[in-house]
Visitor: 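First the structure, which I've put down as structure tokens, then a few questions once you've had a look.
Labels below follow one simple rule: chain letters A, B, ... track the order of the sequence lines, proteins then strands, and each chain is numbered from 1. Just so it is clear, the values below take in all heavy atoms, side chains as well, and ignore hydrogens, waters and symmetry mates.
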Amino acid sequence: MESNNFSFLNELNEAQRKAVEHTEGPSMILAGAGSGKTRVLTYRIALLMKKGVDPFNILALTFTNKAAREMKSRIARIVGESEAKALWMGTFHSVFSRILRFESELIGYPKNFTIYDSDDSKSLLREIIKSMNLDDKVYKPSFILSRISSAKNNLISPRQYMSNTLAIEEDKLARIPLFGQIFITYQKRLFKASAMDFDDLLFNTNLLLRDHPKVLFKYQEKFRYILVDEYQDTNFSQYVIIRQLAAAFLNICVVGDDAQSIYAFRGANIQNILNFEKDYPELVTFKLEQNYRSTKNIVEAANQVINNNKDQFKKSVWTQNDSGEKITVIRASTDNEEGQKVAAAIFQYKNHERLLNSAFAVLYRTNAQSRSIEEALRKMNIPYRIYGGLSFYQRKEIKDLMAYFRLVINSNDDESLRRIINYPARGIGQSTLDKLSVAAGDNEISIFTAIENVKDFNLGINAGTRARLTDFVTMIRSFQQQLIQKDAYEVAHSIASASGLLKDLHSDKTPEGVSRYENIMELLNGIKDFSENSRSPQDEELKSQEVTPPSAEPEDLFDLEVKDFRKLRTLDEFMMDVALLTDADEKEDSQGDKVVLMTIHAAKGLEFPFVFIVGMEENLFPSQLSLQSRTELEEERRLFYVAITRAEKKATLSYALVRYRFGKITHCEPSRFLDELSNDFVEFIDTAPQRRFTDDAFDSTRDNWSRPSSSGINFKGRKNGGDSQSVFSQLNIQRSNKLVPVNSSQSISRALNLDETEMRKIVTGVTVQHEKFGNGKVVNVEGNFPDTKATVLFENGGQKMLLLKFARLKVID
DNA sequence: AGCCCCGGTGAAGTC
DNA sequence: CACCGGGGCT
């Protein structure tokens, strides 16, 4: 309901109200768990709009798309639907990918660039590692990717990386001396494929804003008010983006809680909060410390836990709520028994207090832990829903169909091409693909382009296969024609059937096959919905600046069609939305009343009356991988803090003495975090263990919580201050003073082909230079312009046949 | 070219 | 235990 007064402000306490009303200039809101942070952000934005600020001039960055949606609908209740819709609100990745769609040509990327997810990135890395004849057990794709990701999130380009002696040294010590080379090749290949990985979306936004002052100015003018939620979880790259955008008006408000920083592993940097104070001397800081969510027992227990961390801002979260029940700790002999006890407890609570299933959440450290909980809940007929794990968009059949979409939208997308060129089977096998890959690599073109020019390469591909390749190209081309004429659903449906994918899945009558077919149908239905809905105001705004429609070749369209096209919701628009969706974003309806199971990370920002935190064991929570350094252990502790503070009425912890891990029985010790809770807030339910395993599975001579809290003491004595200083964290300090010079290897314009005159200079006998293979002598030239090709004998011994329109050969005398 | 089986290896968390 | 990739067989 729209109201014209400011009465909504009366719903705030004094601290909240002050934070809301201070709308001008830089501000930071340190908000303890459950202190009404979302309410403050919501009302602050509503107040801005009530004061007459145009929603198009407000940028609000949230941690998940879901958080953005929820906040938007809350704002809509105060200021009205259409006003709220016009707000720029979303995750960093979604907001800036949207902007890059419209500006990417300035940094050398076409507008239809593809976003690679981490599976795509890993398989690209696997290829690169293989082609360099390296061992993928030493150069593990996932590890390489995380290191590349760290570099990019700290705005270190491949070239900068290579000139960083510290980084190179680190790689040698880690026995991956060729990492830098892989990084360079990876980035080059992404660029060639017109693809960006997740980190590139931020990295390239930084490039764009750094190298194009006009663009920076435009968005500075546009985003006069900037708000950032979960600021403690932003990384350096994100920090620089918002600092740049806010530089003109300085209306920047960040909201966060250092105690809830749980994403350092992906580059989030608490340092950003400290930097913030330095960057804006006139900064006003607000603290929200009253917790409205939880009982006293929960709040105080959480405070007690977090006080074991050295690195933290002093903050005292308190509550006026009742003391409530103590936190219960359940001990189980096995992971299965843990599941049974948790399920039984839920069952009891439900019946005694007539509660909905949705009042309960079970939180765990790792997704693998869900299995035993699921089994137990199923046995007791308690409905549940799992967040996370394999999301809809990660399923094979969905990825297959979407690979078609991606290839049609961007034919340079080699990862997608590899995925579907022979699915459904069409007689184009591995050896053909290998040959094409080599030709594409040598000529620095995409595989699709190599196929289109296959007659120009002597690849030893027989006529039959060549015909099949031509058919494939023709098919993709015909889909591309539809892309600019039809709406998303029509194109998607046409691709699904004409490619043979639908038929292939339909013929599979196994239950799995049927389910795959249904998933495809669900995707198509989703696209149908999308086609029928109108475009977002944000995209309308950006599109209105455009002169020509994207990806449409003007000569293909009459004026009338161009007009229609502007209204159509196209498949490339759909794909742009989808690339950044996560499981947490799945639609909320049709869920019914269910117990919720999820990782603690996924639970951030949520609250439930009853929370079960399972797997409270050493090496699991805290994870064994975190035991190397104090900072990592402290992050685990913050994670525990987040977990406890999700509970409104009651928190229950549990641990098992024996657990299956990697298919083997593992003995576990109760988590050190349990020692950190005093008996004032916690009660231990010590059920006698059921002796199904050998006696040493549970040390009955020792009372688990009176265990000398050696872990903490030992730990501090052992490792205090000895955190591994990675090259990135060191560099970060240097860099925070001024804008990082980001290398522009990416902004070199796309392949500059030789013109005819230059090509004619390349004749048998001349010496030429190739940027990758070095110098060589031309031993043969054949074919007619523009398909002239030269055979070159390189000094390194290799002989290559190169298409001159692709290979940038330089004649040297 | 495709299928199947074997063995090795791995699971922390996410946009 | 579950998945993936490689190799071998058809």
Visitor: Can you identify which nucleotide, out of B/dC15, B/dA12, B/dT14, has its nearest atom closest to the A/Arg365 side chain?
Guide: B/dA12
Visitor: Quickly work out the A/Asp117 CG to B/dT14 C1' distance and round it to whole Å.
Guide: 12 Å
Visitor: Please identify which of these residues, A/Thr366, A/Val614, A/Thr666, meets the side-chain contact (heavy atoms from CB on, under 4.5 Å) condition with A/Leu620.
Guide: A/Thr366
Visitor: Indicate, with a heavy-atom threshold strictly under 4.0 Å, whether A/Tyr263 touches base, sugar-phosphate, or nothing.
Guide: sugar-phosphate
Visitor: Please figure out whether A/His601 or A/Thr432 has its closest DNA chain B nucleotide nearer the 5' end.
Guide: A/Thr432
Visitor: Indicate yes or no: does A/Asp539 engage A/Arg101 in a salt bridge with an N to O separation below 4.0 Å.
Guide: no
Visitor: For the ring pair A/Phe191 and A/Tyr109, is the centre-to-centre distance below 6.0 Å?
Guide: yes
Visitor: Is the distance between the ring centroids of A/Tyr263 and A/Phe63 under 6.0 Å?
Guide: yes
Visitor: Could you tell me from which nucleotide to which nucleotide of DNA chain C, 5' to 3', there is an atom under 4.0 Å from chain A heavy atoms?
Guide: C/dC1 to C/dG5
Visitor: Using a cutoff of under 3.5 Å, can you pull out all pairs of nitrogen or oxygen atoms linking the protein to nucleotides 2-10 of chain B, with atom names and distances?
Guide:
unit_1: B/dG2; atom_1: OP2; unit_2: A/Asn422; atom_2: ND2; d: 3.0
unit_1: B/dG10; atom_1: OP1; unit_2: A/Lys140; atom_2: NZ; d: 3.4

Visitor: With a 4.0 Å limit, can you tell me whether A/Asn367 has a side-chain N or O closer than that to the phosphate oxygens OP1/OP2 of B/dA11?
Guide: no
Visitor: Any heavy-atom pair between the side chains of A/Val578 and A/Phe392 that's under 4.5 Å?
Guide: no
Visitor: Contact class for A/Gln369 (heavy atom, under 4.0 Å): base, sugar-phosphate, or nothing?
Guide: nothing
Visitor: For A/Ile461 and B/dA1, give me the distance from atom CD1 to atom C1', rounded to whole Å.
Guide: 15 Å
Visitor: Regarding A/Ser431, tell me which of base, sugar-phosphate or nothing describes its non-hydrogen contacts under 4.0 Å with the strands shown.
Guide: sugar-phosphate
Visitor: Determine the contact category for A/Gln624: base if any of its heavy atoms lies under 4.0 Å from a base atom, sugar-phosphate if only primed atoms, P, OP1 or OP2 are that close, otherwise nothing.
Guide: nothing
Visitor: Does the pair A/Lys130/A/Asp136 count as a salt bridge with the N-to-O cut at 4.0 Å?
Guide: no
Visitor: Tell me: CD1 of A/Ile600 to C1' of B/dA12, nearest whole Å?
Guide: 11 Å
Visitor: Respond yes when some side-chain nitrogen or oxygen of A/Ser146 is under 4.0 Å from OP1 or OP2 of B/dG13, and no when none is.
Guide: no
Visitor: Rounded to the nearest 0.5 Å, how far apart are OH of A/Tyr641 and CZ of A/Arg638?
Guide: 12.0 Å
Visitor: Quote, to the nearest angstrom, the C1' distance that separates C/dC4 from B/dG13.
Guide: 22 Å
Visitor: Using the P atom in both, what is the distance from B/dA11 to C/dG6, to the nearest Å?
Guide: 16 Å
Visitor: Between A/Glu375 and A/Arg371, is the salt bridge (Lys or Arg N to Asp or Glu O under 4.0 Å) condition met? List the steps.
Guide: CA-CA 6 Å; A/Glu375 264 172 34; A/Arg371 203 214 74 239; 3.3 Å; yes
Visitor: Using atom C1' in both nucleotides, what's the gap between B/dA12 and C/dG5 to the nearest angstrom?
Guide: 24 Å
Visitor: Of all the choices, B/dA12, B/dG13, B/dA11, which nucleotide is nearest to the side chain of A/Glu636 once you look at every atom?
Guide: B/dA12
Visitor: For the backbone of A/Ser623 and the side chain of A/Glu636, can you confirm whether one donor and one acceptor N or O come within less than 3.5 Å of each other?
Guide: yes
